[in-house]
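Some notes on the structure that comes next.
Atom set for the values below is all heavy atoms of this structure, side chains included, hydrogens, waters and symmetry mates excluded. Lettering of chains follows the sequences in order, A, B, ..., and the numbering in each one begins at 1.
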2 protein chains.
Amino acid sequence: MTASGAVEAGTTEADADRVFAALASAVRREVLRLLRDGGPQPVQALADHFDMRRPSLSEHLRVLREAGLVSEQRSGRQRIYRLEAAPLAEVQDWLHPYERFWRGRLKDLGALLDRMPDDDVT
Amino acid sequence: MTASGAVEAGTTEADADRVFAALASAVRREVLRLLRDGGPQPVQALADHFDMRRPSLSEHLRVLREAGLVSEQRSGRQRIYRLEAAPLAEVQDWLHPYERFWRGRLKDLGALLDRMPDDDVT
DNA sequence: TTGACCCGTAGGGAAAGTCCTACCTATTCT
DNA sequence: AGAATAGGTAGGACTTTCCCTACGGGTCAA
């Protein structure tokens with residue numbers, strides 16, 4: 001009921017924790033970029049881009065997998081990793097309510113309204 | 001040249017690390033939501049929403065501050081915290097190149113193209 | 001000035017993250 | 001079958017995070 005369901009509207013806070021934590025690493029973001037620009041790839045092809053032992057990269061891949069950001073498909077003795085962007089779509093959804101804070105001049109209106117709850121701050 | 005510059009186009013990987021890491025905590029995301037919906041507030045008002053000692057919340061606020069997600073303004077013996085959404089705008093920018101992976105049927109086209117770089121995966 | 005209040009910092013302990021070096025399984029080639 | 005290849009797991013060292021209890025500095029009210 002967590003990954004195979006149809007729509008799965010409910011994203012828990014723990015899910016969001018995992019996704020943001022997974023993104024909080026330059027190595028893992030680079031892995032996602034490689035999968036985005038280079039398509040699905042086996043581990044070795046990804047590892048070539050990093051100055052790091054393969055077991056360490058394996059752990060990064062595990063973090064990405066548990067966040068739902070990549071999936072693996074076994075093919076012979078290789079594991080093909082593929083980008084799974086659904087969690088990123090949820091990040092974008094999470095972002096929406098904040099948009100008015102940086103969208104053009106609307107920001108000024110928003111900031112003005114936000115200043116009202118307090119009495120005066122000089 | 002890091003926080004007060006005009007446009008500051010260059011966002012380093014370390015900056016992104018800090019922003020995503022800051023967002024990887026339900027407590028800190030809730031702080032952002034409180035500032036978004038309730039406007040700028042002093043620490044005590046924020047602390048009332050959490051089952052946590054205030055010094056701990058202070059550390060969370062420091063993490064958010066160092067990520068540029070909030071700013072503080074001293075007012076008497078209070079510190080008014082305000083949402084700073086600029087880093088969130090950069091998160092959205094980071095997200096853009098991934099959009100085609102979840103946008104409608106375009107996803108299928110993208111997935112098809114992504115499958116080509118490899119020879120055969122059966 | 002004394003005391004109450006707001007809030008940050010210091011330091012400690014438990015847990016988690018990140019890298020490493022072995023080591024293991026599964027698959028393919030000869 | 002035996003060797004080589006692909007890649008995950010185990011366990012250790014080091015660092016970071018996150019919570020806590022003290023404690024210190026600035027501000028306001030009496």
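- In this structure, CD of Q41(B) is placed 15 Å from P of dC6(C), rounded to the nearest angstrom.
- We find that R82(B) and E72(B) are not joined by a salt bridge, their nearest charged nitrogen and carboxylate oxygen being 4.0 Å or further apart.
- Set against dG7(D), dC18(D), dC7(C), the side chain of E59(B) has dC18(D) as its closest nucleotide.
- Residue R28(A) is classed as a sugar-phosphate contact, given heavy-atom separations below 4.0 Å to backbone atoms only.
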(request) I would like to know whether E13(A) and R29(B) meet salt bridge (Lys or Arg N to Asp or Glu O under 4.0 Å); could you show each step before the answer? (result) CA-CA 9 Å; E13(A) 291 297 288; R29(B) 287 194 304 276; 3.1 Å; yes
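- Taking every heavy atom of residues 44-54 of chain A and every atom of DNA chain D, pairs under 4.0 Å involve Q44(A), R54(A), by number.
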(request) Determine, for nucleotides 22-30 of chain D in 5'-to-3' order, which nucleotides have protein heavy atoms under 4.0 Å from the base (write B), from only the sugar-phosphate (write S), or from neither (write -). (result) B----BS--
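- Among all heavy-atom pairs drawn from A67(A) and A22(A), the shortest one is CB-CB, 3.8 Å.
- Here the shortest heavy-atom pairing between L23(A) and L69(A) reads CD2-CD1, 4.0 Å.
- Relative to the six-membered ring of Y98(A), R36(B) meets both conditions, a distance below 6.0 Å and an angle of at most 45° to the axis.
- Each of S56(B) and L61(A) was matched to the nucleotide of DNA chain D holding its nearest heavy atom; the match closer to the 5' end belongs to L61(A).
- For the helix from dT1(C)-dA30(D) to dT30(C)-dA1(D), the end axes, each set by the C1' atoms of five terminal pairs, are bent relative to each other by 20° (nearest 10°).
- Using a 3.5 Å distance cut-off with no hydrogens or angles, the side chains of Q92(B) and E99(A) do pair a donor with an acceptor.
- Looking at the side chain of H60(A), the nearest of the listed nucleotides dC19(C), dG7(D), dC7(C) is dC19(C).
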